[in-house]
Amino acid sequence: MAKTVGKKGLGKGLEAFFPNQDAERPEEKITFISIEEARPNPYQPRKTFSEESLAELSDSIKEHGILQPITVRKSIKGYEIVMGERRMRAAKKAGLKEIPVIIQELDENGMMEIALIENLQREDLNPIEEAIAYEKLMSHTNSTQEQVAKRLGKSRPHIANHMRLLQLPKVVQEFISVGKLSMGHGRALLGLHDKDKLTHLLEKVLQEKLSVREVEQLVQEMNEHVPRETKAVKVKLPPFIKEHQERLRDSLGTSVLIKPGKKKGKIEIDYFSEDDLERILELLVQSKE
């Protein structure tokens, strides 16, 4: 049996994520439901929950209770969590039998959108979860990277750099998800031209605990490798050219090669899709303004 009390201020819904919206909102009501009636959100983008973080939150709940109600929607059987799954999990650890909730009337589309936006705004997803959330939000709302970036208050390159990680093999994505590789490692591995060598390179990176810079250097050397039959001579770059090369890599988030010549040189910039090309062009245009 649900018990209802008056409430102002908490459970702001989507308005919490769009600060420019100043419309008056009616008072919301807190309802207490059995914790056994609450089910996880099927559209929850976050797949991993830190046990240490849950334990800390559980201790806080034991002492102070749940300070912010969990947002749910009524389903055929019980309630589905829209926002606040972490709080619900911690409440279970704390031994609570009832939890405070705000019940919203949402269809499947509304529930998915709120769940994705809420998690993205909290910025507690790992890079792969964040990338998947962007992909789902774009697909669900039929939006471009630019539109999603504006809606979430993030830069388009930020969105594009995360989504590029989804081009990596699943095994690499898993290592990024659990923190054994950083997002920077993933971006460096994306620059490898010969994908057949990726497994060997990944093993080397993990075994030797290579830094992002070391992986970038290794990828560059592997990309520059020329078969012996060509008898090509590898040109050693002056230190100042290497420095400029690294600055461009950092700025553009992709592999960059500077090839100096006697009368003229050239700069090669890697991109991996039309979206990635647009991202790089946008960065180049911004740097001129």
Side-chain angles (χ1 to χ4, degrees), residues 10-12 16-17 30 32-73 75 77-102 111-137 152 154 158 161-163 165-166 168-187 189 202-203 205-207 209-212:
L10 296 183
K12 296 179 181 177
F17 310 120
I30 294 178
F32 284 84
I33 65 171
S34 166
I35 199 168
E36 298 302 324
E37 292 185 273
R39 298 201 312 275
N41 184 344
Y43 304 113
Q44 166 67 264
R46 182 167 48 173
K47 302 304 179 186
T48 57
F49 292 82
S50 164
E51 287 300 321
E52 182 180 351
S53 176
L54 282 176
E56 290 176 356
L57 182 55
S58 176
D59 290 341
S60 174
I61 288 173
K62 286 178 183 177
E63 184 173 354
H64 305 290
I66 297 179
L67 300 181
Q68 182 177 4
I70 295 166
T71 303
V72 300
R73 73 161 186 166
S75 63
K77 187 177 180 181
Y79 300 86
E80 288 182 336
I81 295 173
V82 179
M83 295 185 291
E85 183 174 339
R86 179 171 169 269
R87 272 168 279 154
M88 187 273 287
R89 288 173 179 248
K92 275 190 173 181
K93 290 177 76 73
L96 267 63
K97 302 300 181 185
E98 290 186 328
I99 52 174
V101 301
I102 291 175
M111 183 175 181
M112 176 189 287
E113 189 167 347
I114 290 179
L116 292 172
I117 291 174
E118 190 260 351
N119 275 280
L120 286 169
Q121 286 289 357
R122 287 179 181 271
E123 298 183 343
D124 56 0
L125 303 179
N126 68 53
I128 299 300
E129 289 172 338
E130 188 172 343
I132 292 171
Y134 290 138
E135 185 178 59
K136 285 183 177 179
L137 189 58
L152 297 176
K154 298 181 182 292
H158 176 92
N161 281 334
H162 276 78
M163 293 188 67
L165 298 177
L166 300 182
L168 289 165
K170 291 297 182 184
V171 63
V172 181
Q173 292 185 34
E174 283 295 324
F175 283 123
I176 294 175
S177 293
V178 299
K180 290 186 177 179
L181 291 176
S182 70
M183 182 175 171
H185 284 105
R187 287 167 57 183
L189 291 171
L202 179 60
E203 290 175 355
V205 172
L206 292 170
Q207 288 175 1
K209 298 181 179 179
L210 300 182
S211 67
V212 173

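For the numbers below, each heavy atom of this structure counts, side chains included, while hydrogens, waters and symmetry mates do not. Note that the structure is a prediction, hence the values are computed from the model and not measured. The chain is numbered in sequence order, starting from 1.
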Student: Is there a donor-acceptor pair closer than 3.5 Å between any side-chain N or O of His185 and the backbone N or O of Leu210?
Tutor: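 A pair under 3.5 Å: yes.
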Student: Less than 4.5 Å apart, any side-chain heavy atom of Asn126 and any of Val178?
Tutor: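 Contact flag for Asn126/Val178 side chains = no.
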Student: Tell me, please, which residues at least two apart from Ser75 pass side chain to side chain donor-acceptor pair (under 3.5 Å).
Tutor: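 In terms of side chain to side chain donor-acceptor pair (under 3.5 Å), with neighbours along the sequence ignored, Ser75 is linked to Arg39.
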Student: Is there a side-chain contact between Lys93 and Glu51 (heavy atoms, below 4.5 Å)?
Tutor: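 Yes - at least one pair of side-chain heavy atoms lies under 4.5 Å apart.
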Student: Let me confirm one number: the NE2-CG distance from His64 to Asp59, rounded to the nearest 0.5 Å.
Tutor: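 That separation rounds to 10.0 Å.
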Student: How many angstroms lie between CD1 in Ile176 and CG in Leu189, if you round to the nearest 0.5 Å?
Tutor: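 Reported to 0.5 Å precision, the distance equals 7.5 Å.
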Student: Mind checking the CZ-CG spacing from Arg87 to Leu67? Nearest 0.5 Å is all I need.
Tutor: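 Rounded to the nearest 0.5 Å, the CZ-CG separation comes to 9.5 Å.
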Student: Output all residues satisfying side-chain contact (heavy atoms from CB on, under 4.5 Å) with Ala90, sequence neighbours left out; order by chain, then residue number.
Tutor: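 Partners of Ala90 by the side-chain contact (heavy atoms from CB on, under 4.5 Å) criterion, ordered by chain and then number, come out as Leu54, Leu57, Ser58, Ile61.
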Student: Any side-chain heavy atom of Gln173 sitting closer than 4.5 Å to one from Leu166?
Tutor: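 The answer is yes, as the side chains (C-beta and beyond) meet within the 4.5 Å cut-off.
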Student: Salt bridge check: are Arg89 and Glu85 linked by an N-O gap of less than 4.0 Å?
Tutor: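 Looking at Arg89 and Glu85, the cut-off is met.
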Student: Give, for atom CD1 of Ile102 and atom CD of Gln68, the distance between the pair rounded to the nearest 0.5 Å.
Tutor: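 Rounded to the nearest 0.5 Å, the CD1-CD separation comes to 8.0 Å.
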Student: Atom CE in Met183, atom NE2 in His162: separation rounded to 0.5 Å?
Tutor: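 Interatomic distance, Met183 CE to His162 NE2, rounded to 0.5 Å: 4.0 Å.
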Student: I need the minimum non-hydrogen distance between Ile81 and Val72, along with the two atoms involved.
Tutor: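 That would be CA-CG1, 4.1 Å.
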Student: Report the distance from atom NZ of Lys209 to atom CG of Leu181, rounding to the nearest 0.5 Å.
Tutor: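 Result: 12.5 Å between the selected atoms.
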Student: Do Leu168 and Ile128 have side chains that get closer than 4.5 Å, going by heavy atoms?
Tutor: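 No, too far: nothing below the 4.5 Å cut-off.
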Student: Determine whether Tyr79 and Ile33 make a side-chain contact, defined as any pair of heavy atoms from C-beta on separated by less than 4.5 Å.
Tutor: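 Touching, per the 4.5 Å side-chain cut-off.
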